[in-house]
Every structure is written in C-alpha cells, then in structure tokens.
There are 2 protein chains.
Amino acid sequence: MSSSYHRPELRADLLAATRALVEAEGTHAVTIARVARACDVSVAAPYRHFANKAALLGAVAADGYAALGSEMAAAAGRAGSPADRLVAAGVAYVGFAIAHPDLFALMFDRDLRDPHPAAHAVLEGLAALIDSQDLAVPPEVALRDAWALAHGLATLRIGGMATFTRDDSPARLERDLRGLLSGILR
Amino acid sequence: MSSSYHRPELRADLLAATRALVEAEGTHAVTIARVARACDVSVAAPYRHFANKAALLGAVAADGYAALGSEMAAAAGRAGSPADRLVAAGVAYVGFAIAHPDLFALMFDRDLRDPHPAAHAVLEGLAALIDSQDLAVPPEVALRDAWALAHGLATLRIGGMATFTRDDSPARLERDLRGLLSGILR
DNA sequence: ACCTGAACACCGTTCAAGT
DNA sequence: ACCTGAACACCGTTCAAGT
C-alpha cells in the first residue's frame with residue numbers, strides 16, 4: 001500500500017502528531033499507539049526515535065520553549081521603552097499560555113521535562129530586555145520577579161480560576177503586569 | 001484471612017493511600033490497582049466509592065486545598081500588620097508547595113480538578129487578610145496580584161527552575177514577596 | 001449495600017524477524 | 001539502519017455473582 005519501510009521524516013511526523021494531540025485533547029490523550037496510528041506506522045516504530053513516551057513528550061515541550069521564546073522576543077521588539085519591553089514580553093508569555101494551554105502545561109510538567117532548556121530560553125529572552133540602568137533591584141531579582149508574576153498569571157488563568165478568567169483582555173493583563181512590575185522598575 | 005467484606009472506613013483509607021502514593025512517588029505513580037492493593041481490597045472495590053480515577057485524585061486535591069487554606073490562616077494569624085499578614089500568607093503558600101510538591105501540582109492539574117473549591121479556599125483565606133484601607137488598588141486586584149505572584153514563585157520553584165532553587169530560604173521568599181507586593185500596598 | 005473474580009479493550013515496552 | 005508482528009505485564013472499567 002502507501003507504506004514504505006524507510007521513512008526519513010518519521011521523527012518529525014511523530015513530533016507533529018504528538019503536538020497536535022496535545023493541543024487538541026490534552027497531554028492525557030497522548031498514547032504511543034495513537035501517535036503511531038496517526039503516522040501510519042507500527043506501535044514499535046516510535047521507539048527507534050524516542051527512548052520512551054516521556055522522551056517524546058519532552059521533545060514536544062522543547063519545541064514549545066523555542067516557540068515561546070521567539071514570540072516573547074517579537075513582542076518586545078515592537079515596544080519602545082525598557083519598561084514597555086518587559087511588559088510586552090510578559091503579555092506575550094501569558095498570551096502564549098492562553099493560546100496553547102495544554103502545551104504550556106506540558107512544558108512545565110514536573111515529571112516530563114528537563115527544566116534547563118526552559119529556564120535558559122525564558123531567562124535569555126528576558127535578560128536581553130533588561131538594562132540594569134532601568135531597575136530598582138539587581139537584575140537577577142528583577143528576572144525572578146517578572147517571570148514569577150507572568151507565570152502565576154498564566155497558570156492560574158489556564159487553570160480556570162474564576163478570578164483570572166473573568167476579564168482576560170490583553171489590556172487587563174498589561175495593567176496587572178505594569179502595576180506589579182512598577183515595584184522593580186526605577 | 002484478615003479481610004472482611006464490610007469496611008466502613010474504606011473510603012478514607014483509599015484517600016490516604018492515594019495521597020501517600022502521590023507524595024512518595026508523584027501522581028503518575030497512582031494506579032487504582034496499587035491503591036487497592038495498599039488497602040488489601042480488590043481492584044473493583046474503589047469504584048464503590050469513587051466514580052473513576054479522576055474522581056479519586058480530585059478528592060485528594062480537595063483535601064489539599066483544605067490543608068493549604070488552614071496553613072495560610074495559621075501563618076497570617078501569627079503576623080502583626082496587614083502587610084505582614086499578606087506576606088506571611090504568601091510565604092505559607094509557597095512553603096506548602098515546597099513541602100508537598102506533587103500534591104500541589106495535582107491540586108492545580110488542568111484535567112483532574114474542579115477549580116471552584118481551590119479558588120474558594122485560597123481567595124477566602126486571602127480576602128480575610130486584606131482590608132481595603134491598606135491597599136493602593138481595589139481589593140480584587142490586590143487578591144489577583146498577590147495570588148499570581150505566590151503561585152508563580154511556587155510552581156517555578158517546584159518545577160526545578162534553577163533561578164528559583166538557588167536560594168529558597170524563607171527569608172529570600174519573604175523579601176521577594178514583600179518587594180513585589182509593595183506595589184499594591186499603601 | 002459492599003466486595004470479589006473474571007473479563008474486555010487498551011497501553012508501554014521489548015525483541016526476534018523481516019527489508 | 002529502520003520497521004513489523006507478536007508477545008508480556010499492566011492498567012481502567014464493568015458486571016455478574018457472592019455475603
């Protein structure tokens with residue numbers, strides 16, 4: 001039939017199918033069998049490309065970090081002042097979580113991910129936006145604070161907490177972020 | 001042998017066994033079969049008390065909310081000024097997450113929980129600490145901000161993000177919270 | 001009313017065998 | 001080197017049957 005024994009793009013196909021499943025039905029719906037079926041391949045085939053299910057999901061999470069990082073950078077690039085850049089990056093961070101809630105949850109899942117690439121991607125992005133001249137606190141403190149704030153807003157929002165879903169407009173988000181970040185900006 | 005066909009405390013035993021498994025090995029280690037074995041009961045027995053695995057885990061999460069709420073209230077009760085109470089509650093929130101990371105993660109898992117009890121428990125606890133006289137912003141905004149901040153610090157910390165694990169002393173936590181909350185306190 | 005035993009469909013992972 | 005088919009231990013859930 002249409003199947004061939006050699007599939008050079010299978011690894012990429014498996015990743016795409018897994019991510020599609022995550023975004024459509026959530027991580028709990030991901031099954032090696034379902035992913036394999038979506039790629040028209042036997043259930044054993046994925047094990048030639050990923051050590052196990054956790055490794056497959058971890059690779060999808062890694063793609064997510066890259067996407068998040070570039071969206072933050074793009075948003076910050078459109079802003080003017082240093083404070084505006086920081087706020088814009090925060091809005092992009094929360095916006096990514098709202099647009100891809102299950103992917104975002106997977107990226108920060110306690111057992112499925114190597115935390116280093118995440119920390120690296122996010123912190124590199126944020127660090128590039130911050131000039132210590134603009135800060136009322138040391139840069140590392142500012143990075144921690146800004147990240148924690150954006151992450152809390154993002155996870156409580158996608159977790160369905162009513163206080164955070166009632167008004168989830170970008171304007172509201174920006175107001176929240178700017179208000180709290182005023183404590184660390186000069 | 002030791003088994004009897006009537007076990008009035010089985011529901012409580014199942015909850016305790018599930019929570020113990022969560023805290024010892026993480027939610028991914030929870031299995032109806034393992035929980036049943038720990039309670040010396042057949043695999044079908046838990047279904048007389050919980051509709052399915054998600055309901056069992058949800059009940060454990062509900063217990064977690066109650067525990068978190070009382071720890072926050074106790075910590076706030078030991079503090080003096082309104083600002084100190086808010087900071088103390090935040091420290092207790094993050095401290096709970098550090099002490100019970102897998103339980104905390106389960107409590108905020110996207111597919112396993114009804115968000116209402118969580119929001120209720122946390123917001124009730126926080127609202128009792130805040131007098132609008134002390135605030136520079138409307139109370140609902142203050143609640144959102146404080147919760148988001150504490151939640152972000154907690155989840156990034158238990159997620160193993162290096163910037164947050166390098167120094168996780170209560171003093172550091174308190175300093176972070178106080179600094180950022182200064183934006184919402186009068 | 002509560003529990004057991006057996007069953008069903010499904011899953012993660014392994015491995016010998018094919019191309 | 002990459003994929004298939006079959007296998008193994010395990011899981012979630014159901015249900016008739018026992019007490």
Interatomic distance, Asp13(B) CG vs dC2(C) P [rounded to whole Å]:
15 Å
Side-chain donor-acceptor contacts of residues 69-77 of chain B below 3.5 Å, not counting sequence neighbours, with atom names and distances?
residue  : atom : partner  : partner atom : Å
Ser70(B) : OG   : Ala67(B) : O            : 3.1

Residues in ring pair (Phe, Tyr, Trp, His ring centres under 6.0 Å) contact with Phe164(A), at least two apart in sequence or another chain:
Trp147(B)
With sequence neighbours left out, the residues meeting ring pair (Phe, Tyr, Trp, His ring centres under 6.0 Å) with Phe50(A) are none
From CZ of Phe50(B) across to C1' of dC2(C) the rounded distance in Å is 15 Å
All salt bridge (charged side-chain N to carboxylate O under 4.0 Å, His left out) counterparts of Arg178(B), not counting sequence neighbours
Asp84(B), Glu174(B)
Side chains of Phe104(B) and Ile98(B) in contact at under 4.5 Å (non-hydrogen atoms)
no
For DNA chain D, which consecutive runs of 3 or more Watson-Crick or G-U pairs (each distance under 3.5 Å) count as stems?
C:4-8 with D:12-16, C:12-16 with D:4-8
Which residues pass the salt bridge (charged side-chain N to carboxylate O under 4.0 Å, His left out) test with Asp13(A), sequence neighbours left out?
Arg7(A)
Does Ala83(B) have any side-chain contact (heavy atoms from CB on, under 4.5 Å) partners at least two apart in sequence or in another chain, and if so, which?
Ser81(B), Leu185(B)
What string of B, S and - do you get for nucleotides 5-15 of chain C, 5' to 3', when a contact is any protein heavy atom under 4.0 Å?
B-----SSBBB
Excluding sequence neighbours, so at least two apart, what forms salt bridge (charged side-chain N to carboxylate O under 4.0 Å, His left out) with Glu25(B)?
Arg34(B)
